[in-house]
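The chain is numbered in sequence order, starting from 1.
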Amino acid sequence: MRPWGTAGAAAGLLLAVALGCTGGGDDDAPGPSPAAARPTSESPRGTPSPTPTPAPAPAPADPVSLPALMRREHTGSDLRLGAVLDRTSAYTRYAVTYEANGLTISGIMNIPEGEGPFPALVLAHGYIDPDVYVSGQGMPREQDRLARGGYVVLHTDYRNHARSDEDPDNDVDLRLGYTEDVIGAALALRDSGRPEIDGDRIGLFGRSMGGGVVYNTLVVAPGLFDAAVAYAPVSGRPQENIDHFQRPDGDPLVAEIEEKHGTPGEDPAFWRDVSPLTFADRATEPLLIQHGTADDTCPLAWSREAAAAFEKAGKDVELRTVPGEGHTFGPRWASEMDATEAFFARHLR
């Protein structure tokens with residue numbers, strides 16, 4: 001696990017360099033006037049050094065952007081185990097809450113039986129209507145399997161879900177708050193002091209919409225996690241997700257988003273700054289992407305583009321295409337989980 005405490009400062013420095021600055025001396029500064037000239041017997045004075053012009057401050061990032069999240073000092077703490085929801089021979093399942101950037105976020109946690117500390121995994125679920133979502137919903141197979149494999153599993157509910165606090169602007173702001181909730185989950189695990197949890201070995205596993213949260217997290221908080229898996233992920237370009245999922249259904253949220261943030265044609269800079277692919281060079285963790293060739297919910301082309309972007313940036317990325325599998329995986333689910341566990345074992349064990 002690489003130290004993450006200086007990530008916010010490093011992000012600010014990187015952004016300042018990326019944005020660049022102008023300035024410099026006045027090359028037309030006048031020399032001494034004839035009335036002030038020295039006698040010719042003295043050595044001539046050199047031309048006075050120009051007074052440098054102060055460099056302008058970097059332009060502030062749009063508050064709804066990945067650069068803004070990079071600059072933010074994220075917090076995560078106060079991991080609390082609540083009611084026991086289930087006990088098996090392999091693990092105990094708890095209702096939990098934690099604090100993330102001032103919000104209380106709920107979730108579930110599976111803690112393996114036996115002597116710890118165990119490496120931990122944060123699970124980021126796919127889209128489920130918050131009005132019908134129940135705590136821990138979305139990745140039950142993965143929660144069970146990974147806990148049986150010896151991982152503490154923290155499945156975050158995200159803000160606006162289950163017992164988590166509300167964030168009324170989250171949807172119109174492209175759900176970037178979910179990235180903050182995942183970052184907060186990792187920080188809360190590290191801060192917990194619980195003997196079952198090895199805070200120096202933490203992985204991230206997201207599916208569908210949660211795969212997009214994985215991409216965001218890797219570029220916003222490099223070094224926070226040790227490895228990440230994106231499973232049947234959405235596009236790394238939010239405008240493609242809007243066009244694919246929301247616009248065809250006449251979702252009124254689209255008009256609100258475009259009224260507040262403009263369209264990609266009206267404000268291309270905004271849409272570049274909400275795409276993790278723009279900042280792929282910031283990622284430091286190894287990334288595994290798994291995607292079925294028959295996925296008719298999230299096109300495989302999206303994962304090919306994301307893998308290419310991270311690879312072009314020189315990152316450790318692997319794309320596993322799964323012949324014949326759809327969005328939720330069926331016959332090949334167990335073998336793909338074998339690959340997932342092997343990947344985490346290489347980087348967290």
* Structure fact -> CD1 of Ile202 to CG of Leu154, rounded to nearest 0.5 Å, is 9.5 Å
* Structure fact -> Note: Asp157 and Gly136 closest approach over all heavy atoms is OD1-N, 3.0 Å
* How about Trp302 and His244: are their ring centroids closer than 6.0 Å? -> yes
* **Side chains of Ser65 and Asp273, donor plus acceptor under 3.5 Å** => no
* To do: Report the C-alpha distance between His347 and Asp226 in whole Å, list the side-chain angles of each, state the deciding distance to 0.1 Å, and finish with yes or no for side chain to side chain donor-acceptor pair (under 3.5 Å).
  => CA-CA 7 Å; His347 299 291; Asp226 293 289; over 6 Å; no
* Heavy atoms from other residues, nucleotides or ligands near NZ of Lys312 exceed 12 (cutoff 6.0 Å) -> no
* **Considering all heavy atoms, the nearest Trp271-Ile242 contact** => CH2-CD1, 3.7 Å
* Do Leu253 and Val172 have side chains that get closer than 4.5 Å, going by heavy atoms? -> yes
* To do: Decide whether Asp267 and His261 meet the rule of one side-chain donor and one side-chain acceptor closer than 3.5 Å.
  => no
* To do: Apply the test side chain to side chain contact (heavy atoms under 4.5 Å, CB included) to residues Val152 and Leu121: give CA-CA distance (whole Å), side-chain angles for both, the deciding distance (0.1 Å), then the verdict.
  => CA-CA 6 Å; Val152 170; Leu121 297 173; over 6 Å; no
* Asked: Just checking, is any N or O donor in the side chain of Glu113 or Ser89 under 3.5 Å from an acceptor N or O on the other one?
  -> no
* Just wondering, do Leu176 and Asn216 contact through their side chains at under 4.5 Å, heavy atoms? -> yes
* Sub-3.5 Å donor-acceptor pair from the side chain of Thr297 to the main-chain atoms of His327, do we have one? -> no
* To do: Quick one: pull up CD in Glu256 and CG in Asp169 and give me the separation to the nearest 0.5 Å.
  => 10.0 Å
* To do: Examine Val214 and Leu288 and state if one hydrophobic cluster contains both, with Ile, Leu, Val, Met, Phe, Trp and Tyr joined whenever side-chain heavy atoms are less than 4.5 Å apart.
  => no
* Is the gap between the ring centers of His125 and Tyr158 under 6.0 Å? -> yes
* Test item: Thr179 side-chain N/O and Thr217 main-chain N/O as donor-acceptor pair under 3.5 Å -> no
* Structure fact -> Arg282 and Val219 have their tightest heavy-atom pair at NE-O, 2.6 Å
* Structure fact -> When rounded to the nearest 0.5 Å, the distance separating CG of Asp251 from CD1 of Ile257 is 7.5 Å
* **Between CE on residue Met139 and CZ on residue Phe205, distance to nearest 0.5 Å** => 4.5 Å
* Check whether Val234 and Phe329 end up in the same hydrophobic cluster, where Ile, Leu, Val, Met, Phe, Trp and Tyr are linked by side-chain heavy atoms less than 4.5 Å apart. => no
* Tell me, do Leu187 and His74 make a side-chain contact under 4.5 Å, heavy atoms counted? -> yes
* Stepwise side chain to side chain contact (heavy atoms under 4.5 Å, CB included) check, Met337 with Leu146 -> CA-CA 9 Å; Met337 285 301 297; Leu146 292 167; 4.0 Å; yes
* side chain to side chain contact (heavy atoms under 4.5 Å, CB included) between Met109 and Val153, worked out -> CA-CA 5 Å; Met109 177 179 283; Val153 177; over 6 Å; no
* **Least distance between heavy atoms, Ser164 atom then Ser106 atom** => OG-N, 2.9 Å
* Structure fact -> d(Cys298 SG, Asn241 CG) to nearest 0.5 Å is 7.0 Å
* 4.5 Å side-chain heavy-atom contact, Phe343 and Val229 -> yes
* **Point-to-point distance, once rounded to the nearest 0.5 Å, from CD of Glu196 to CZ of Phe118** => 8.0 Å
* Asked: With no hydrogens and no angle check, do the side chains of Thr156 and Tyr98 hold a donor and an acceptor under 3.5 Å apart?
  -> yes
* Any donor-acceptor N or O pair under 3.5 Å, side chains Gln290, Thr340 -> yes
* **Donor-acceptor pair, side chain of Asp78 and main chain of Glu99, under 3.5 angstrom** => no
* Asked: When you check the side-chain N and O atoms of Glu325 and Thr293, is any donor under 3.5 Å from an acceptor?
  -> no
* Asked: Cluster question for you: counting only ILVMFWY and a side-chain heavy-atom cut-off of under 4.5 Å, with indirect links fine, are Leu218 and Val122 together?
  -> yes
* Asked: Is the backbone of Gly223 close enough, under 3.5 Å, to the side chain of Thr284 for a donor and an acceptor to pair up by distance?
  -> yes
* Are Arg159 and Asp165 within salt-bridge range, i.e. N to O under 4.0 Å? -> no
* Glu311, CD: over 12 other non-hydrogen atoms inside 6.0 angstrom -> no
* Are Lys260 and Asp173 close enough, and set up right, to give a salt bridge (charged side-chain N to carboxylate O under 4.0 Å, His left out), and what steps lead you there? -> CA-CA 9 Å; Lys260 182 173 181 179; Asp173 289 343; 2.8 Å; yes
* Asked: How about Arg304 and Leu319: do any of their side-chain heavy atoms sit closer than 4.5 Å?
  -> yes
* Step through the shown structure and confirm whether more than 12 heavy atoms of other residues, nucleotides or ligands are within 6.0 Å of CZ on Arg80. => no
* **Student check: side-chain heavy atoms of Val84 and Asp86 closer than 4.5 Å** => no
* Nearest heavy-atom neighbours spanning Ala309 and Ala280 -> O-CB, 3.8 Å
* Below 6.0 angstrom between ring centroids: does that apply to Tyr127 and Phe245? -> no
* Side-chain contact test, heavy atoms from C-beta onward, threshold under 4.5 Å: evaluate it for Gln143 versus Ile108 and give yes or no. => yes
* In terms of side-chain geometry, is the basic nitrogen of Asp144 or Arg148 positioned less than 4.0 Å from the acidic oxygen of its partner? -> yes
* Asked: With hydrophobic residues grouped by side-chain heavy-atom distances under 4.5 Å, do Ile128 and Val213 end up in a single group?
  -> no
* Cation-aromatic face contact Arg349/Tyr151, 6.0 Å, 45 degrees -> yes
* Is a side-chain N or O of Ser235 found less than 3.5 angstrom from the main chain of Glu240, in a donor-acceptor match? -> no
* Asked: Do Glu305 and Arg237 sit within salt-bridge range, that is, some charged N less than 4.0 Å from a carboxylate O?
  -> yes
* Asked: Do the side-chain N and O atoms of His291 and Ser303 include a donor-acceptor pair separated by under 3.5 angstrom?
  -> yes
* Residue pair Pro117 / Asp198: nearest heavy atoms and the distance that separates them -> CB-N, 3.7 Å
* To do: Taking Glu258 for its side chain and Ala255 for its backbone only, find out whether a donor-acceptor pair lies under 3.5 Å.
  => no
* To do: For the pair Arg175 and Glu180, find out whether any cationic side-chain nitrogen is under 4.0 Å from an anionic carboxylate oxygen.
  => no
* Pair Tyr178 and His161, ring centroids less than 6.0 Å apart -> yes
* Would you say Leu189 and Ile111 are hydrophobically clustered, going by side-chain heavy atoms of ILVMFWY under 4.5 Å? -> yes
* side chain to side chain contact (heavy atoms under 4.5 Å, CB included) between Arg194 and Leu81: does it pass, once the steps are laid out? -> CA-CA 10 Å; Arg194 297 194 63 87; Leu81 274 61; 3.8 Å; yes
* Would you call Asp338 and Arg145 a salt bridge, taking side-chain N to carboxylate O under 4.0 Å as the test? -> yes
* Quick one: does Pro264's side chain get under 4.5 Å of Phe270's, heavy atoms only? -> no
